[in-house]
Amino acid sequence: MAAKHATARTRASETLILAVLISIALLSGCNVGPKYATPAAPAAPAFKESAPTEYKSAPPGTWKPAQPQDAVLKGKWWEMFNEPELNALEEQLDINNQNIAQYFQNFMAARAQVSEARSQYYPTVTFNPTLTKGGEGAASRTALVSTGTSTTTGTGTGTTTTGTTVGGNTGIATGTTTIALPIDVSWEPDLWGRVRNTVSEFRYAAQVSAADLENERLTEQADLAAYYFQLRGQDALQDVFNRVVDVNRQSLNLTLALYETGIDNQVAVDEAQVALENAQEAAAGIATNRAIYEHAIAMLIGKPASSFSMPVKNLTTPLPPIPVGLPSELLQRRPDIAAAERTMAQANALIGVEKAAYYPTVSLTGSGGPEATAFGKLFSLPAIFWSLGAQASEIIFDAGLRKATIAQYTAQYNADVAAYRQTVLTAFQQVEDFIATLRVTSEQIERQQQAINSSVRYVTHETSRYETGLDPYLLVTAAQLTLLSNQQTQVTLRVNEMTAAVELVQALGGGWHVSELPTASQVTSKETPKQVSDTP
């Protein structure tokens with residue numbers, strides 16, 4: 001009868017456990033967090049500054065963006081400039097730039113956090129082997145016998161007592177050894193989506209980190225290209241000043257010859273000498289800026305400035321057409337916009353994590369394993385023991401803590417929405433700014449070239465008039481300074497044009513696309529991603 005009752009209790013326990021597991025399986029599909037959808041962002045049908053009507057009054061040769069149907073920017077966007085030296089530098093940057101390496105490691109850390117969060121899906125299993133040895137004293141007595149007689153005398157009576165005393169004992173120790181190999185299991189099932197939303201939060205955070213990595217990579221690439229054209233601009237200025245020094249030296253020699261023949265005077269010689277020295281001083285000053293840009297390039301490609309140098313080369317790179325596409329495409333091409341969008345998704349998941357705190361939590365525990373007094377009996381069936389347990393807990397009062405926390409995360413989400421839309425608006429502004437800059441700068445270059453041509457004719461005429469004695473050398477110097485100023489302005493405009501082209505490419509997102517952002521499965525993949533972008 002007792003065996004039947006025990007069997008019935010066992011079956012009831014098993015039924016209860018099965019019912020709990022089925023309930024958990026059904027409830028584990030619940031997710032109390034809000035659904036996420038990308039908020040709408042304003043986008044115009046086309047970029048205003050790229051409209052063809054803007055070029056009706058522009059002179060021939062003015063820069064125009066490539067039409068939307070033309071080839072889009074590719075991963076190695078800098079190759080459009082057809083500068084082999086720049087291409088080689090960009091390849092080194094992608095491998096050796098330490099800022100890119102830092103952002104890459106930040107991304108790897110974010111990936112690891114996803115794995116940490118995913119571990120909460122599964123039970124925690126611990127193994128606690130024990131070996132105990134105990135004992136207790138078993139008392140036995142041995143008789144120590146003594147005999148004696150006592151006599152008591154009272155009034156009218158007398159008593160004699162004879163007794164035996166037994167005393168003394170010894171202890172005999174007995175002990176047992178117990179060996180146990182218990183395995184303890186604890187698990188908190190994800191009934192309300194707390195773990196799922198936590199995993200989603202860290203997965204989105206990893207995608208934010210991946211987008212930040214690509215944004216940093218694009219920033220470093222653009223800085224390198226801009227420094228390269230700035231350095232070549234300094235080489236072009238150096239060439240201008242070197243030619244001016246040569247002209248001034250020739251003028252000084254001519255003035256000295258005229259002075260020695262009595263045609264010219266000492267004032268003209270002094271003026272020519274001053275002009276030559278001023279030109280030499282200005283030419284020497286160009287080296288400072290060139291060195292600074294050269295050092296900056298060395299830093300970007302991960303080399304010590306002391307061991308890096310670049311040969312002198314004039315700025316002759318023509319400005320290529322740049323496809324700007326449509327504003328709606330910009331949302332898919334800029335990594336900073338992708339990072340802002342994933343940040344919103346992360347904030348939305350945090351709301352779900354906190355909403356799950358309103359619901360009860362269930363913890364399941366289990367323990368089992370062999371236990372015996374001898375190693376030989378350890379793996380026998382009677383030595384196996386087990387136990388199962390379940391516990392539920394629910395917060396009934398927290399003074400508004402959960403409500404305040406949800407309000408905090410909701411406000412943070414709304415702030416991230418505003419930041420996302422501001423990032424989009426900033427992207428549109430930057431593209432419009434640099435399109436306008438390129439268009440206006442190229443127009444300035446065309447008109448400046450006309451001013452240079454006029455200045456060359458001016459110098460030629462004044463030099464002839466000076467050589468024939470019609471004008472003093474002071475007018476020749478003024479003409480040369482005018483030419484120098486115009487040539488300097490032309491070089492500065494060319495540098496501005498090339499750097500604006502680089503900035504436009506950066507504003508367009510380079511050759512990146514949101515499809516290159518790692519997916520959820522790629523974020524949690526055990527395969528280590530490449531630090532160097534291998535986008536074709």
Side-chain angles (χ1 to χ4, degrees), residues 36-55 63-81 103 204 207-223 225-226 319-346 416-441 497-519 533 535-536:
Y36 172 74
T38 304
F47 290 109
K48 179 185 68 174
E49 296 294 340
S50 64
T53 55
E54 296 289 333
Y55 306 105
W63 178 85
K64 300 176 184 178
Q67 296 304 311
Q69 64 267 24
D70 292 341
V72 298
L73 292 168
K74 301 297 184 181
K76 297 182 179 181
W77 53 265
W78 52 86
E79 293 181 351
M80 72 170 65
F81 296 107
Y103 274 80
Y204 297 146
Q207 290 179 311
V208 171
S209 182
D212 288 341
L213 168 62
E214 294 307 319
N215 193 55
E216 179 64 21
R217 193 194 310 274
L218 176 60
T219 300
E220 300 293 338
Q221 291 169 347
D223 286 347
L319 182 64
I322 301 173
V324 299
L326 300 174
S328 58
E329 298 174 347
L330 191 64
L331 304 182
Q332 309 297 318
R333 294 166 57 181
R334 284 190 47 142
D336 59 337
I337 293 179
E341 188 275 327
R342 291 289 84 188
T343 300
M344 288 188 299
Q346 180 186 2
D416 291 335
V417 171
Y420 167 74
R421 289 174 173 158
Q422 183 64 32
T423 302
V424 172
L425 291 172
T426 301
F428 291 153
Q429 176 197 355
Q430 290 175 343
V431 174
E432 295 282 10
D433 287 348
F434 295 124
I435 292 176
T437 300
L438 277 176
R439 174 174 55 82
V440 174
T441 303
E497 182 183 47
M498 298 308 296
T499 54
V502 172
E503 289 170 328
L504 175 59
V505 171
Q506 183 180 4
L508 292 170
W512 190 80
H513 191 271
V514 71
S515 60
E516 300 175 36
L517 197 67
T519 63
S533 175
T535 305

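Nothing here was measured: the structure is a model prediction, and the numbers come from that model. No hydrogens, no waters, no symmetry mates; every other heavy atom, side chains included, goes into these values. For this chain, numbers begin at 1 and follow the sequence in order.
- Minimum interatomic distance between Ala501 and Leu319 (heavy atoms only, all atoms of both residues): CB-CD1, 3.4 Å.
- Side chain of Arg333 to backbone of Gly510: no donor-acceptor contact under 3.5 angstrom is found.
- Shortest non-hydrogen contact noted between Leu508 and Pro323 is CD1-O, 3.6 Å.
- Of all non-hydrogen atoms in Ala500 and Thr437, the two that sit nearest each other are CB-CG2, 3.8 Å.
- Counting only distance, with no hydrogens or angles, the side chain of Gln207 and the backbone of Pro518 share a donor-acceptor pair below 3.5 Å.
- Note: Phe428 and Phe47 have perpendicular aromatic rings, judged against thresholds of 30 and 60 degrees for the angle between ring planes.
- Residue Leu331 holds its CG atom at 11.0 Å from CG of Leu326, rounded to the nearest 0.5 Å.
- Scanning all heavy atoms of the two residues, the minimum distance from Arg421 to Ala40 falls at NE-O, 3.0 Å.
- Within the 4.5 Å cutoff, the side chain of Val502 has no heavy atoms near those of the Trp78 side chain.
- Atom CG in Asp336 sits 9.0 Å away from atom CD in Gln506 (nearest 0.5 Å).
- For the pair Thr38 and Tyr420, the minimum side-chain heavy-atom distance is below 4.5 Å.
- A pairwise comparison of heavy atoms in Ala507 and Leu330 identifies O-CD1, 3.5 Å as the closest pair.
- Interatomic distance, CD of Glu341 versus OH of Tyr36, reported as 3.5 Å (0.5 Å rounding).
- The distance from atom CD of Gln429 to atom CD of Gln422, rounded to the nearest 0.5 Å, is 8.5 Å.
- Nearest heavy-atom pair, Ala427 versus Ile337, reported as atom, atom and distance to 0.1 Å: CB-CD1, 3.9 Å.
- When side chains are defined from C-beta on, Val324 does not count as touching Phe434, because their heavy atoms never get closer than 4.5 Å.
- Note that the CG atom of Asp416 and the CD atom of Gln346 stand 8.0 Å from one another [nearest 0.5 Å].
- One finds the CG atom of Asp212 at 12.5 Å from the CZ atom of Arg217 (value rounded to the nearest 0.5 Å).
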